[in-house]
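For reference, the structure discussed in these notes is given below.
What you are looking at is a predicted structure, and each value in this text was computed from that prediction instead of being measured.
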Amino acid sequence: QVQLVESGGGLVQVGDSLRLSCAASGGSSSTYTMGWFRRAPGKAREFVAGISRHGTGTYYAESMKGRVTIARDNAKNTVYLQMNSLKPEDTAVYYCAASISYQVDSIGSYDNWGQGTQVTVSS
């Protein structure tokens, strides 16, 4: 039901930062658990970060912990992913997703997905 649109990706250099945004429409933001996932070339889609319905709980993949921060603004129906100290291996298509489940790190828990935004990190 909820529609998701990612933005903020682009071409950056090693060590740069990016903030991705996910705009939601067609649903009440506070009723959804939100997550960010990514798919790198030749690899499976993997969990990056998740946030609870009211933003009180945040969760991160071990591979990204310390370099990413997830936040949400339910009044604006928007979820953000701040990424710092980017590396070439961070190159991927980044997707946001919405779920009515409390499980934030499982791909199968998410019912709605955006189309993704490309992040390319070069040196």
Kindly work out whether a path of hydrophobic side-chain contacts (I/L/V/M/F/W/Y, heavy atoms less than 4.5 Å apart) joins [X] to [Y].
{"X": "Tyr32", "Y": "Val48", "result": "yes"}
{"X": "Ile70", "Y": "Leu86", "result": "yes"}
{"X": "Met83", "Y": "Val93", "result": "no"}
{"X": "Val68", "Y": "Val14", "result": "yes"}
{"X": "Ile51", "Y": "Val2", "result": "yes"}

Minimum heavy-atom distance between [X] and [Y], given as atom pair plus value:
{"X": "Ser122", "Y": "Leu11", "value": "OG-CD1, 3.9 Å"}
{"X": "Arg53", "Y": "Tyr102", "value": "NH1-OH, 3.8 Å"}
{"X": "Ser85", "Y": "Ser17", "value": "N-OG, 4.2 Å"}
{"X": "Trp36", "Y": "Ser21", "value": "CH2-O, 3.7 Å"}

Checklist line | Presence of salt bridge, Glu46 and Arg39, under 4.0 angstrom | finding: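 Result for this pair is no, no salt bridge flagged.
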> Under 6.0 Å between ring centres, would you say that holds for Phe47 and Tyr59?
Replying inline: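 They do not qualify: ring centres at least 6.0 Å apart.
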Keeping the roles fixed (side chain from [X], backbone from [Y]), state whether a donor-acceptor pair exists under 3.5 Å.
{"X": "Thr33", "Y": "Val104", "value": "no"}
{"X": "Gln82", "Y": "Arg19", "value": "no"}
{"X": "Ser106", "Y": "Gln103", "value": "no"}
{"X": "Thr91", "Y": "Thr120", "value": "no"}

Would you say the side chain of [Y] lies within less than 4.5 Å of the side chain of [X], judging by non-hydrogen atoms?
{"X": "Asp105", "Y": "Tyr60", "answer": "no"}
{"X": "Leu4", "Y": "Met34", "answer": "yes"}
{"X": "Leu18", "Y": "Val119", "answer": "yes"}
{"X": "Leu81", "Y": "Val79", "answer": "no"}
{"X": "Asp90", "Y": "Arg38", "answer": "yes"}
{"X": "Arg67", "Y": "Lys87", "answer": "yes"}
{"X": "Arg45", "Y": "Ile107", "answer": "yes"}
{"X": "Cys22", "Y": "Thr78", "answer": "no"}

I'd like to know whether CD of Gln115 has more than 12 heavy-atom contacts from other residues, nucleotides or ligands below 6.0 angstrom. no
Checklist entry - Is atom CD1 of Ile100 surrounded by more than 12 heavy atoms (other residues, nucleotides or ligands) closer than 6.0 Å? => result no
- [ ] Could you check whether the rings of Trp113 and Tyr95 sit parallel, tilted or perpendicular, using 30° and 60° as the cut-offs?
- [x]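 Perpendicular: the ring planes of Trp113 and Tyr95 meet at over 60°.
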